[in-house]
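Single-structure report; data block below.
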Amino acid sequence: MSASQTIAYNPDYDGPIISVRGLRNSFGEQVVHDNLDLDVRRGEIIGVVGGSGTGKSVLMRSIIGLQMPNEGEVEVFGQHILGKSDAETIEIRKRWGVLFQGGALFSTLTVAENVMVPIREFYPDMDREFRREVAKYKVCLSGLPPDAAPKYPSQLSGGMRKRAGIARALALDPELLFLDEPTAGLDPIGAAAFDNLTKELQQTLGLTVFLITHDLDTLHAICDRVAVLADQQVIAVGTIDELLALDHPWIQEYFNGPRGRMASSGKKMLG
Amino acid sequence: MSIPSDFVEETAEDGAVTLHFSGDLSIASIGDLPERLRDFASQAKRLDISGTGYVDTVGAWLIHRTARDMEAEIVGADDDAERLIAAVAGADQATEIRPDALNPVVRVLGEIGESTALAFTTLTGLIGFFGAIMVGFFRLVRHPGQIRWNAVIQRFDVVGVRALGIVGLMSFLIGLVIAQQGAVQLRQFGAEVFTVNLVGRLTLRELGVLMTAIMVAGRSGSAFAAQIGTMKLTEEIDAMRTIGVSPIEALVLPRFLAAVIMLPLLGFYASVVAIIGGGLLSWVELDIPPATFFARIREVVPLTDVYVGLVKAPVFGAIIAITGCYQGMQVKGNAEDVGKRTTAAVVQAIFLVIVLDAFFAVFFSWIGWN
Ligand SMILES: Nc1ncnc2c1ncn2[C@@H]1O[C@H](COP(=O)(O)OP(=O)(O)O)[C@@H](O)[C@H]1O
Ligand SMILES: [Mg+2]
């Protein structure tokens, strides 16, 4: 690579994809995370749950380097990334895609152009015609109808915008996908379709998915493990059955409340 | 690191060509392979990818597309590659990057037509908007209990009080410059004492109010458009309507009242500060002491000059508020539109203010207020 201090990407690394140790985040007086640990394994879909305002989005922002924590270590693909400059982490950032809570599509570009932006930034030498083709199939791959590609984000519905966001997050064929509440605000059919899409992409592309969600159906349907955020920490990580065996009041309330029971019985009926 | 992808061609005895691919077929390693495959002249019968390493969707797409265009068969794909190729093949649909572009002549003609139509719709829109403001105004006059005093007072503060500093500084400098230029030119005729007339009449009659209007258009007209436009985007305005709050009464009228009431005050203040600036320069440059200067001002400036300024100012204020709020209400779609509308609000406000100023000049000389 050109810059000698650029962190190289090591394809043979097979430890945890994300490893967070002793993370502390605070905004003024308010402490959001304190001594938080989390490991994400290769190839899994990990669901991150927690009440509103417990710092799920802030955790994601810390991992992808948008939020500088007060203390702690974050490793992604086995590389320390905190405090590194954008230029140093470019090889790492090529390997992940992010879907923000609000979609965060560039409003002055069409959906297909949105997908082309990361490709152009990270692979400027790619053949122009080929780049356009890639953008087009990515749009279709994310489950949008072909006529959505030349539309502007403001011309799309909420669910379509989420899919367009996925298409952009997948632009670089990442190994790691961050999704911040992807099904929030979608109708149940749209949400289920989105779950299927995530699962399908994970299986086809071998993705690891860091999935922040409030959606119990999503947790039951596609998550391999669930991490529970409460009291400024990840209080438990495991499959839903493992979590149910714990008698933490919030976890019991969350999974055994009326909605939690419905979602799990729905799953039993299907499976 | 990834191994760059490559291909070699092999021709069998019966003339059928096979392309053997090697290396990783991924976005990072694909390099100039797409160009080379496109420039590859002959048709291949088979694409052999048994020699490849890591394959991602970009590589799968390249293979799929090449196979499609050459009507070739893909051989040697392992399970992963096969699944990926099937996935991208399913996503292979005719589509576009941007909406269709028109031919240039039609486009230019269309744009001329559109901007002409836009000029007229903007004009009628502004007049209609003014009507809506008046309706809201008279409704509030009949039900004074519903006036949002808090909002109105807050606007007074933002539009008027907070502009005092910048308007004062600007006017002071303008007063200085007029006096200085006047002194230099009039001295050639030995008439430098007329500098006082120049400063007094010009600022009270024309420049005080005009420059203030331009400043307020840039400061507050743009803010009106941007604030209301952003609220439009976040559906706040729709929310207001459904709750039964009229956006005209809640958002537009306070701004309209603030601009209409504050502009005469600011304009008069600006004229006074400009006269002080001119007086200071006259004192230093022409040795006219302040007492004499102000006595001369009272002699040479007719009271009608003050009236001229004060009659124009509320009209200019109304223009600024109407264009700002109107453009804000027209925002739709995306954040870029807020920027466009804000610019349009300022440009239209300043343009209309200057056009009206010319009409006022003709009108006042016609009624004999020279
Ligand atoms: N930039 C910021 N400045 C101040 N406080 C913030 C900021 N970002 C997040 N917070 C606070 O951190 C807490 C966690 O936020 P967030 O991670 O967005 O919650 P959620 O778990 O719902 O995604 C909230 O209480 C929020 O108010
Ligand atoms: Mg959040």
Side-chain angles (χ1 to χ4, degrees), chain A residues 1 8-12 91 94-95 105-116 118-119 122-123 125-155 167 170-175 200-201 203-207, chain B residues 1-3 24-39 53-62 64-66 68-69 79-101 232-234 331-340:
Chain A
M1 289 283 99
Y9 163 71
N10 173 9
D12 300 325
E91 288 302 317
K94 278 179 185 175
R95 312 304 314 177
L105 292 169
F106 304 122
S107 57
T108 56
L109 301 179
T110 65
V111 171
E113 286 172 329
N114 262 282
V115 177
M116 281 160 65
I119 307 180
F122 286 108
Y123 298 101
D125 299 331
M126 184 186 278
D127 177 51
R128 194 165 162 273
E129 195 46 46
F130 189 64
R131 184 164 62 210
R132 296 164 66 91
E133 286 176 20
V134 170
K136 289 178 188 174
Y137 88 74
K138 297 261 169 177
V139 171
C140 299
L141 200 61
S142 63
L144 285 169
D147 64 0
K151 285 194 177 148
Y152 288 90
S154 58
Q155 299 170 302
L170 290 175
L172 300 176
D173 265 281
E175 288 163 46
E200 198 178 299
L201 290 170
Q203 283 170 345
T204 321
L205 310 178
L207 293 175
Chain B
M1 295 285 346
S2 55
I3 311 155
D24 289 339
L25 280 176
S26 70
I27 186 168
S29 58
I30 209 155
D32 59 354
L33 209 59
E35 283 128 301
R36 282 174 52 206
L37 278 172
R38 205 178 39 223
D39 298 342
Y54 174 69
V55 180
D56 70 5
T57 68
V58 174
W61 169 260
L62 181 66
H64 161 76
R65 185 205 67 174
T66 311
R68 184 193 66 194
D69 294 349
D79 285 354
D80 283 348
E82 205 156 304
R83 226 175 34 224
L84 284 178
I85 291 171
V88 295
D92 182 7
Q93 297 178 42
T95 170
E96 293 299 322
I97 300 287
R98 320 198 89 252
D100 289 336
K232 193 88 195 291
L233 279 192
T234 53
V331 166
K332 21 181 136 33
N334 55 33
E336 196 191 7
D337 204 35
V338 177
K340 270 195 218 148

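First the proteins, then the strands, lettered A, B, ... as listed; each starts at 1. Owing to the predicted nature of the structure, the values given are computational and were not obtained by experimental measurement. What's counted below: heavy atoms across the whole structure, side chains too, no hydrogens, waters or symmetry copies.
- Taking Asp147(A), Val134(A), Val139(A), Asp127(A) one by one and counting their heavy-atom pairs under 4.5 Å with chain B, the maximum is reached by Asp127(A).
- A distance of 10.0 Å separates CG in Asp56(B) from CG in Leu172(A), rounded to the nearest 0.5 Å.
- For chain B, no part of Gln155(A) is nearby; none of its heavy atoms comes within less than 4.5 Å.
- In this structure, the side chains of Thr110(A) and Pro99(B) come closer than 4.5 Å at one or more pairs of heavy atoms.
- Residues Ala149(A) and Glu96(B) approach most closely at CB-O, 3.2 Å, considering heavy atoms.
- No salt bridge links Glu129(A) with Arg38(B); every basic N to acidic carboxylate O contact stays at or beyond 4.0 Å.
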Does the side chain to side chain contact (heavy atoms under 4.5 Å, CB included) test come out yes or no for Phe122(A) and Ile27(B), once each step is laid out? CA-CA 10 Å; Phe122(A) 286 108; Ile27(B) 186 168; over 6 Å; no
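- With contacts defined as side-chain heavy-atom distances shorter than 4.5 Å, the pair Phe130(A)/Asp32(B) does not qualify.
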Please step through side chain to side chain contact (heavy atoms under 4.5 Å, CB included) for the pair Lys138(A) and Val58(B), ending with a clear verdict. CA-CA 9 Å; Lys138(A) 297 261 169 177; Val58(B) 174; 4.2 Å; yes
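- Interatomic distance, Tyr137(A) OH to Arg65(B) CZ, rounded to the nearest 0.5 Å: 11.5 Å.
- Ranked by heavy-atom pairs under 4.5 Å with chain A, the first of Ala335(B), Ala87(B), Ser26(B), Ala28(B) is Ala28(B).
- In this structure, Leu141(A) CG and Leu84(B) CG are separated by 9.0 Å, a value rounded to the nearest 0.5 Å.
- Counting only heavy atoms from C-beta outward, the side chains of Cys140(A) and Asp92(B) never approach each other to under 4.5 Å.
- Comparing Asp337(B), Val88(B), Asp100(B), Leu62(B) by heavy-atom pairs within less than 4.5 Å of chain A, the highest count is held by Leu62(B).
- Chosen from Lys332(B), Glu35(B), Arg98(B), Glu336(B), the residue pairing most often with chain A at heavy-atom distances under 4.5 Å is Arg98(B).
- Of the listed residues (Ala112(A), Pro146(A), Gly206(A)), the one with the most heavy-atom contacts under 4.5 Å to chain B is Pro146(A).
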